[in-house]
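Report on the structure given below.
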Amino acid sequence: MGTSEELRRITMTPAARRALAAAGRLFYDRGIHAVGVDLIAAEAGVTKKTLYDRFGSKEQIVVEYLADRDERWRAFLAERLDAAPSAPRARIRAVFDASRAWMSDNGSKGCSMVNAHAEISDPAHPAHAVITGQKQWTLDLFTRLARDVEGLGPDAADRLGRTLMLLHEGALVAHGLKVFPDPVAHARDEAEALLAEATER
């Protein structure tokens, strides 16, 4: 996601927080298009009028759901990066390990952003910027970490950043598909092998 100023966000009341929690569970488990405002209101124990008074539209509920999930993920990752050793390779490993822990607790169906993009591909949808912004942020993070790897020139670091992102995102998709066990750990190990190869050249 870009800066928070680029998105319209709402002030959360207790009723809005209940509605957002219900919407988040439903959207992730069933899909965005499959979940209507009536169901969200019923699950949250609020009226439909309260939902529209607080959020204005279903589109805004989707924005809040994705933005909230993104913010929680970034905070979760920041804690783990802060605790990781300062060496770039250790910090790259920490990203994969954080994703593995997050997916174990919060991601049985894979990446919420990837799942949402399968339903929201129109750039005019207000949630589209949250989805693509989150993935751009991920690429920027891996690129910054790759640029800190000793001995890599800027072009090589940028290529490495893109490759690390591809490994990471592919692992998140494979986790949701459950085609083989522990894909995030596999991607982490491949990333470490790639880093070792890159620094030996």
Side-chain angles (χ1 to χ4, degrees), residues 1-7 9 63 65-107 110-118 120-121 123 125-177 179-201:
M1 188 170 55
T3 62
S4 59
E5 293 78 16
E6 293 171 348
L7 287 171
R9 303 292 301 278
V63 168
Y65 153 62
L66 292 172
D68 174 72
R69 196 165 171 104
D70 182 35
E71 288 164 0
R72 289 189 291 112
W73 156 244
R74 293 193 200 197
F76 183 89
L77 176 57
E79 287 182 2
R80 280 145 186 81
L81 285 174
D82 287 345
S86 60
R89 289 171 68 168
R91 290 172 65 76
I92 290 167
R93 179 187 177 93
V95 176
F96 284 90
D97 284 340
S99 289
R100 188 173 180 234
W102 173 271
M103 297 303 276
S104 175
D105 293 339
N106 303 282
C111 175
S112 57
M113 300 295 165
V114 171
N115 296 346
H117 190 260
I120 301 169
S121 57
H125 192 292
H128 191 268
V130 183
I131 298 165
T132 56
Q134 202 272 347
K135 295 310 179 186
Q136 182 62 55
W137 180 85
T138 302
L139 174 60
D140 293 344
L141 170 65
F142 277 121
T143 301
R144 287 196 306 273
L145 293 173
R147 286 174 180 169
D148 290 337
V149 175
E150 188 175 352
L152 289 186
D155 290 344
D158 288 353
R159 284 195 301 275
L160 177 60
R162 290 192 291 271
T163 303
L164 291 171
M165 182 199 175
L166 289 172
L167 280 170
H168 181 264
E169 296 303 307
L172 301 187
V173 172
H175 175 88
L177 292 172
V179 289
F180 62 90
D182 212 351
V184 183
H186 180 77
R188 177 201 62 206
D189 295 345
E190 291 300 311
E192 290 192 320
L194 187 66
L195 284 162
E197 181 183 341
T199 54
E200 286 170 2
R201 289 172 183 164

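Heavy atoms only: backbone and side chains are in, while hydrogens, waters and symmetry mates are out. These numbers come from a predicted model, not from an experiment.
In terms of heavy-atom proximity, Asn106 sits nearest to Arg72 at OD1-NH1, 4.4 Å. Closest non-hydrogen pair, Ala98 versus Phe76, comes out as O-CE2, 3.2 Å. A pairwise comparison of heavy atoms in Trp137 and Trp73 identifies CZ3-NE1, 4.0 Å as the closest pair. In terms of heavy-atom proximity, Ala196 sits nearest to Arg89 at CB-NH2, 3.7 Å. When all heavy atoms are compared, the tightest approach of Ala127 to Ile120 is CB-CD1, 4.2 Å. Across Arg91 and Ser86, no two heavy atoms sit closer than the pair CD-O, 3.5 Å.
Annotation: side chain of Cys111 is in contact with side chain of Lys135 (closest heavy-atom distance under 4.5 Å). Side-chain contact check for Arg100 versus Asp182: some heavy-atom pair is nearer than 4.5 Å. Side-chain contact between Leu141 and Val95 is present, with at least one heavy-atom pair separated by less than 4.5 Å. Using a 4.5 Å heavy-atom cutoff, the side chains of Glu192 and Phe96 are not in contact.
Note that CG of Leu152 is 9.0 Å distant from CZ of Arg159, once rounded to the nearest 0.5 Å. In this structure, CG in Leu172 is found 8.5 Å from OG1 in Thr138, a value given to the nearest 0.5 Å. In this structure, CG on Leu164 lies 11.5 Å from CD on Glu169, to the nearest 0.5 angstrom.
With sequence neighbours excluded, the residues forming a side-chain hydrogen bond (donor to acceptor under 3.5 Å, both in side chains) with Asp97 are Arg93, Arg188, listed by chain and number. The side-chain hydrogen bond (donor to acceptor under 3.5 Å, both in side chains) check on Asp189 picks up nothing, with sequence neighbours excluded.
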request  = Check the pair Arg74 / Asp70 against salt bridge (charged side-chain N to carboxylate O under 4.0 Å, His left out), numbers first and verdict last.
outcome  = CA-CA 6 Å; Arg74 293 193 200 197; Asp70 182 35; 3.0 Å; yes

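In terms of modelled atom types and a separation under 3.5 Å, the side chain of His117 and the main chain of Ile131 share no donor-acceptor contact.
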Identify every side-chain donor-acceptor pair in residues 142-151 under 3.5 Å, counting partners at least two apart or on other chains, and give the distances.
from, atom 1, to, atom 2, distance (Å)
Thr143, OG1, Leu139, O, 2.8
Arg147, NE, Asp158, OD1, 2.9
Arg147, NH2, Asp158, OD1, 2.8
Arg147, NH2, Asp158, OD2, 3.4

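In this model, a donor atom of one side chain and an acceptor atom of the other lie less than 3.5 Å apart for Ser99 and His168.
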